[in-house]
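Right, one structure below, let's go through it.
Reckoned from all heavy atoms, side chains included, excluding hydrogens, waters and symmetry mates.
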Amino acid sequence: PASIRNISSDEQVIRLLVAFCVLTLVFSFFFRASQEDFEPLKKTIDKYILLLSDGYRDMNLTPLRGVATEKECDKTYIHMAAFGESRKRIDSKIKKIDFLRFEKVSESKFKVETEEVWDYSHIDIDTSKVSQEFKDVSHRMQYTLEKIESKWFVDSVEFKDAKSGAASAQ
């Protein structure tokens, strides 16, 4: 008759430790891989913010077309044009960005929530003098990104929450 082998408590502990180590490695691999998947989204948002800031300062949003859809570019252009009609331009600097949440909507669409801290200046186009400054303005933003031909583009940007920092009129 076949004998049933008794497993000692030491062997059970060793088997449990090995199983735990294997599971830990598997989970850490998947967690790291999923974090790396967000890197192209972060880079797209970072580039969008840089080009948007440069575009408002220089009153030229054309470079934004490399990272944003036509719909989003048109929306930002209308906003910039409204400032231009009032003979003002915006000079802004992002001081901090935290990526809070990534929501996969589909294979080609993500929603990304951020917390951002900015400084803004409104500058008179004719005199180049600062007419108003805003410091440490905190925004909670939601970016919707779409993958078009293997490249991520910002398709829309929404303010989720804004907390005003210090403002000063010049």
Side-chain angles (χ1 to χ4, degrees), residues 31-170:
F31 180 74
R32 190 175 66 247
S34 69
Q35 290 298 313
E36 290 171 9
D37 290 343
F38 299 145
E39 207 52 40
L41 301 171
K42 290 178 179 181
K43 285 182 179 182
T44 300
I45 291 170
D46 287 341
K47 185 73 170 176
Y48 173 87
I49 288 170
L50 174 69
L51 293 174
L52 184 70
S53 182
D54 289 350
Y56 274 117
R57 184 187 59 248
D58 301 337
M59 306 240 7
N60 177 11
L61 291 171
T62 303
L64 199 60
R65 296 199 180 278
V67 294
T69 61
E70 186 174 344
K71 175 183 84 169
E72 178 60 19
C73 288
D74 290 347
K75 186 175 103 178
T76 57
Y77 181 79
I78 289 167
H79 185 254
M80 183 188 71
F83 264 89
E85 286 177 13
S86 66
R87 306 303 297 155
K88 298 216 183 317
R89 66 182 175 83
I90 300 172
D91 193 4
S92 59
K93 178 184 173 192
I94 191 161
K95 296 171 74 176
K96 179 181 173 189
I97 183 168
D98 292 322
F99 292 89
L100 304 177
R101 191 171 63 89
F102 295 84
E103 178 188 341
K104 186 175 187 176
V105 178
S106 70
E107 285 301 314
S108 61
K109 188 178 240 179
F110 263 89
K111 290 187 178 190
V112 179
E113 193 170 314
T114 64
E115 180 78 35
E116 302 172 12
V117 178
W118 288 81
D119 287 347
Y120 298 97
S121 297
H122 293 180
I123 299 172
D124 184 285
I125 290 173
D126 300 315
T127 65
S128 297
K129 290 185 179 178
V130 174
S131 61
Q132 201 169 17
E133 282 188 305
F134 302 89
K135 299 284 186 186
D136 298 320
V137 179
S138 178
H139 299 289
R140 187 170 289 237
M141 306 293 292
Q142 180 174 284
Y143 295 84
T144 301
L145 290 95
E146 272 193 45
K147 195 175 210 178
I148 302 170
E149 297 178 9
S150 76
K151 184 178 176 192
W152 288 102
F153 290 86
V154 173
D155 186 52
S156 69
V157 181
E158 296 176 40
F159 284 90
K160 301 302 276 181
D161 183 25
K163 298 173 202 131
S164 190
S168 66
Q170 303 285 316

> Just how far is it from atom CZ of Phe153 to atom SG of Cys73, taken to the nearest 0.5 Å?
Replying inline: 9.5 Å

> Can Phe102 and Leu41 be said to form a side chain to side chain contact (heavy atoms under 4.5 Å, CB included), step by step?
Replying inline: CA-CA 9 Å; Phe102 295 84; Leu41 301 171; 3.9 Å; yes

> Stepwise, does the side chain to side chain contact (heavy atoms under 4.5 Å, CB included) test hold for Phe99 with Asp46?
Replying inline: CA-CA 11 Å; Phe99 292 89; Asp46 287 341; 3.7 Å; yes

> Is any side-chain heavy atom of Lys96 less than 4.5 Å from a side-chain heavy atom of Asp98?
Replying inline: yes

>> Is it the case that the side chain of Thr127 and the backbone of Lys129 share a donor-acceptor pair, with hydrogens and angles ignored and the cut-off at 3.5 Å?
In response: yes

> To the nearest 0.5 Å, how far apart are CG in Asp161 and OG in Ser138?
Replying inline: 7.5 Å

> What residue among Glu72, His139, Gln142 forms side chain to side chain contact (heavy atoms under 4.5 Å, CB included) with Val157?
Replying inline: Glu72

> Roughly how far, to the nearest 0.5 Å, is the OG atom of Ser131 from the CG atom of Asp124?
Replying inline: 6.5 Å

> Counting only heavy atoms not in Lys75, do more than 12 sit closer than 6.0 Å to its NZ atom?
Replying inline: yes

> If every non-hydrogen atom of Met141 is compared with every non-hydrogen atom of Phe159, which pair is closest and at what distance?
Replying inline: SD-CD2, 3.5 Å

>> Check this for me, if you would: do Asp126 and Arg87 make a salt bridge, where the nitrogen-to-carboxylate-oxygen distance has to be below 4.0 angstrom?
In response: yes

> Taking all non-hydrogen atoms of both residues, which atom of Pro40 and which atom of Thr44 are closest, and how far apart?
Replying inline: O-OG1, 2.8 Å

>> Can you tell me how far apart CD1 (Ile97) and CD (Glu115) are? Round to the nearest 0.5 Å.
In response: 10.0 Å

> Can you find a pair of side-chain heavy atoms, one from Glu70 and one from Arg65, that are under 4.5 Å apart?
Replying inline: yes

> Are the charged groups of Glu113 and Lys111 less than 4.0 angstrom apart, N to O?
Replying inline: no

> Between Ser108 and Glu146, is any pair of side-chain heavy atoms under 4.5 Å apart?
Replying inline: no

> Parallel, tilted or perpendicular for Phe38 and Phe110, by the 30°/60° rule?
Replying inline: perpendicular

> Ile90 and Arg57: side chain to side chain contact (heavy atoms under 4.5 Å, CB included), yes or no, with the steps?
Replying inline: CA-CA 5 Å; Ile90 300 172; Arg57 184 187 59 248; over 6 Å; no

>> Closer than 3.5 angstrom, by distance alone: can the side chain of Asp58 be matched with the main-chain N or O of Asn60 as a donor-acceptor pair?
In response: no

> Are any non-hydrogen side-chain atoms of Thr76 and Leu52 less than 4.5 angstrom apart?
Replying inline: yes

>> Let's go through Leu145 and Val112 carefully: what are the C-alpha distance in whole Å and the side-chain angles of both, what is the deciding distance for side chain to side chain contact (heavy atoms under 4.5 Å, CB included) to 0.1 Å, and is it a yes or a no?
In response: CA-CA 8 Å; Leu145 290 95; Val112 179; 3.8 Å; yes

> Lys104: what forms a side-chain hydrogen bond (donor to acceptor under 3.5 Å, both in side chains) with it, not counting sequence neighbours?
Replying inline: Glu107

> Under a 4.5 Å cut-off applied to non-hydrogen side-chain atoms, are Asp136 and Lys95 in contact?
Replying inline: yes

>> Please determine whether a side-chain nitrogen of the Lys or Arg among Arg89 and Asp91 lies less than 4.0 Å from a carboxylate oxygen of the Asp or Glu.
In response: no

> Where is the tightest heavy-atom contact between Gly84 and Met59, given as atom of each residue plus distance?
Replying inline: CA-CE, 3.8 Å

>> Between Asp155 and Thr69, do the side chains contain a donor N or O and an acceptor N or O under 3.5 Å apart?
In response: yes

> Between atom OH of Tyr143 and atom OH of Tyr48, what is the distance when rounded to the nearest 0.5 Å?
Replying inline: 7.0 Å

> Is atom NZ of Lys88 surrounded by more than 12 heavy atoms (other residues, nucleotides or ligands) closer than 6.0 Å?
Replying inline: yes

>> Whether Asp74 and Lys71 form a salt bridge (side-chain N of Lys/Arg under 4.0 Å from carboxylate O of Asp/Glu) is what I want to check.
In response: no

> With a 4.5 Å heavy-atom cut-off, do His79 and Tyr56 have their side chains touching?
Replying inline: yes

> Quick one: CG on Leu64 to OH on Tyr77, what's the gap to the nearest 0.5 Å?
Replying inline: 13.0 Å

> Counting distance only, does the side-chain N/O of Ser86 pair as donor-acceptor with the main-chain N or O of Phe83 below 3.5 Å?
Replying inline: yes

